[in-house]
> 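Sharing a structure below in structure tokens format, with a few things to ask.
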Amino acid sequence: MVPPPARRARSREAEPVRPRTASILAGRAWIGGRLQPVEIAIDEDGRIQSVGKVRVGAPRHDVGDAVILPAATDLHVHFRDPGGPADAESLATGTVAAALGGVALVGEMPNTLPPVTDVATLEEKAARVRGHAAIDVLLYASPTVARERVALARTAGAFKLYLSPTTGIAAAPPLDSVPGLLRELAELDLPLSVHAEDPGRFGAPERPRDAAEWDAHRPVPAELAALDSLANAPVRLRLHVAHITTARDVARLRERAISFEATPHHLLLSVRSAPGSLVKVNPPLRSEAERVALWEAFRRGEVPCLASDHAPHPAAERSLPFDRAPSGVPGVETMLPLLLSRVRSGEVDLPTVIRAACDRPARWFGQPHGRIAPGHRAHLIVVDFRSRTKLEGKRLHSACGWTPFEGWEAILPREHYRDGVRVVDAGEYVGSPNGRVVRPEFAHGKLGRPD
Ligand code: NCD
Ligand code: ZN
């Protein structure tokens, strides 16, 4: 006899059906702050079910001498989709490059064409993610149109505020209007990332000819002044500063308990290492002394997030005179591999890199990954620290075809598992475009400022 529906519903509640184990990944994995030999059971929904010894029968893959790490989150990329230039990037090419670089989630910036300042434009971009993106994408929106802010807060993944002109941003709000805007945004409960440079401090030379003159034109004090305009932001606001460039920024932001990111180019390149317009970027590369101090702060674990600010420009525009060349460098595919190579050479330790590339940015976006733990998504990479690659722009996967790290040593992931399914195998992309549009899930964190 068929039981009445009410009873059936009750008994289901009493005994929730657990998804079955779909696969097991075995090897030395980064768990609880160290590498330990384990078996990771992954369920049919792509979540980590258990970590330890697994007794059930499911397809098992042993990674041998390689190590299993959580995949990374890149809080800051520009994939130029829609609006182009199409020969530089798209959501399809950019997310495949990210997957190959061990990145499982990106935050995609709103300075596309048209800029993402309203819900209709945001939804159009979200529609382009579905069916095209290889990994998950969190979409930033710009809060510059006052009447759109409340609706955007319900649909976007985060806000991005530019305090200075940069690629695709012609004008910025005056600095004295910023505290009021921050108070308003704090009520909307969406993370806010700020491009912090004060154009009021930009100066001579007006037509910079190289990276050192670009640094003089958009100098460190312009960053510090912009940071001051954020000083009294409400604690409720999840505030994050993009691409800081100096140890002085690090000290100031730590004092104020504000989240921030540093890029591989500001950590590893300086005006001295910059050949011509290849490394024109906002904010500019700094002196070698500033770079070394920033790197030391990163090594000490004082930089919470690593982000690439992947900003691909067409290769042809690199040969323009410096003052006419666009600002921005690609980097989503090389961010983690460059840092893993520094781990191998002993310049930084693995916990520091994993915290800044995987754990902390995922928590910032309120996403259950970046850690190998039950309940987290099985976005995992397999890394063989003996397998080194010399980076070549033309062999990387961004459509722009160049890198400011030409010839640098990197450790690219051998495998990448997305929701437990292999999408990179032997360094080749073998996945399908099933990336999702994600929004912060603060069940995993809390509003306010995380550590
Ligand atoms: C970025 C771009 O090209 O979109 N350029 C850059 O120099 N970083 C914009 C930005 O983040 O400033
Ligand atoms: Zn950027």
Side-chain angles (χ1 to χ4, degrees), residues 74-91 94 98 103 106-116 125 137-142 144 157-173 191-199 202 208 211 214-215 217-218 222-223 226 240-245 249 260-267 269 271 274 276-286 305-318 320 322-332 334-335 361 398-400 402-404:
D74 188 344
L75 297 167
H76 190 156
V77 303
H78 303 265
F79 285 162
R80 313 296 192 215
D81 192 350
D87 56 342
E89 206 67 285
S90 68
L91 282 158
V103 172
V106 289
E108 212 279 330
M109 288 295 170
N111 62 335
T112 32
L113 290 172
V116 182
K125 201 192 250 191
V137 179
L138 180 142
L139 295 173
Y140 284 88
S142 164
T144 49
F159 281 125
K160 172 69 182 284
L161 178 64
Y162 293 90
L163 298 184
S164 72
T166 184
T167 310
I169 307 289
L192 170 70
S193 172
V194 178
H195 180 128
E197 288 184 279
D198 171 8
F202 293 176
W214 193 239
D215 172 30
H217 173 62
R218 297 174 74 121
E223 268 187 82
H240 175 90
V241 176
H243 44 46
I244 59 93
T245 69
D249 301 329
F260 58 98
E261 71 198 27
T263 67
H265 47 276
H266 291 116
L267 288 164
L269 302 174
V271 293
S277 54
L278 193 59
V279 198
K280 184 177 178 188
V281 65
N282 297 333
L285 297 185
R286 304 301 186 194
C305 298
L306 190 64
S308 72
D309 190 11
H310 177 80
H313 290 283
E317 294 183 9
R318 283 163 52 212
L320 290 171
F322 193 92
D323 64 320
R324 284 200 280 128
S327 292
V329 295
V332 71
T334 53
M335 175 178 81
S398 167
C400 75
W402 62 280
T403 171

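Ligands are counted one by one from 1 in listed order, and the atoms in each one are counted from 1 as well.
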> If only atom types and distance count, is the side chain of Glu108 paired as donor or acceptor with the main-chain N or O of Phe79 below 3.5 Å?
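Looks like yes, one N/O pair under 3.5 Å.
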
> Look only at the side chain of Asp74 and the backbone of Ser308, and say whether a donor-acceptor pair between them is shorter than 3.5 Å.
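Yes; judged by distance alone, with no hydrogens or angles, the pair exists.
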
> Among side-chain atoms of Asn282 and Thr166, is any donor-acceptor pair under 3.5 angstrom?
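Indeed, the side chains of Asn282 and Thr166 share at least one donor-acceptor pair under 3.5 Å.
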
> Could you check whether any side-chain N or O of Asn111 sits under 3.5 Å from a backbone N or O of Thr167, counting only pairs where one atom can act as donor and the other as acceptor?
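Pair found, side chain donor or acceptor close to backbone of Thr167.
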
> side-chain contact (heavy atoms from CB on, under 4.5 Å), that's the test. Do Arg80 and His313 meet it? Break it down for me.
CA-CA 9 Å; Arg80 313 296 192 215; His313 290 283; 3.2 Å; yes

> List, ordered by chain and residue number, the protein residues whose closest non-hydrogen atom lies under 4.0 Å from any atom of ligand 1.
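Protein residues near ligand 1 are His76, His78, Arg80, Asn111, Thr166, Thr167, His195, His243, Val281, Asn282, Asp309, Ala311, His313, Ser327, Gly328.
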
> Check the side chains of Glu261 and His240 for a donor-acceptor pair under 3.5 angstrom, ignoring hydrogens and angles.
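Checked: His240/Glu261 side chains pair up, N/O donor to acceptor below 3.5 Å.
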
> Mind running side-chain contact (heavy atoms from CB on, under 4.5 Å) on Trp402 and Val329 for me, showing each step along the way?
CA-CA 9 Å; Trp402 62 280; Val329 295; 4.1 Å; yes

> Which atoms form the tightest heavy-atom contact between Phe322 and Lys280, and what is the distance?
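The answer is O-NZ, 2.9 Å.
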
> Are His76 and Tyr140 an aromatic pair by the rule of ring centers under 6.0 Å?
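Centroid separation for His76 and Tyr140: 6.0 Å or greater.
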
> What are the protein N, O or S atoms, given as residue plus atom name, that sit under 2.8 Å from the Zn ion (ligand 2)?
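Protein N, O or S atoms closer than 2.8 Å to the Zn ion (ligand 2): His76 NE2, His78 NE2, Asp309 OD1.
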
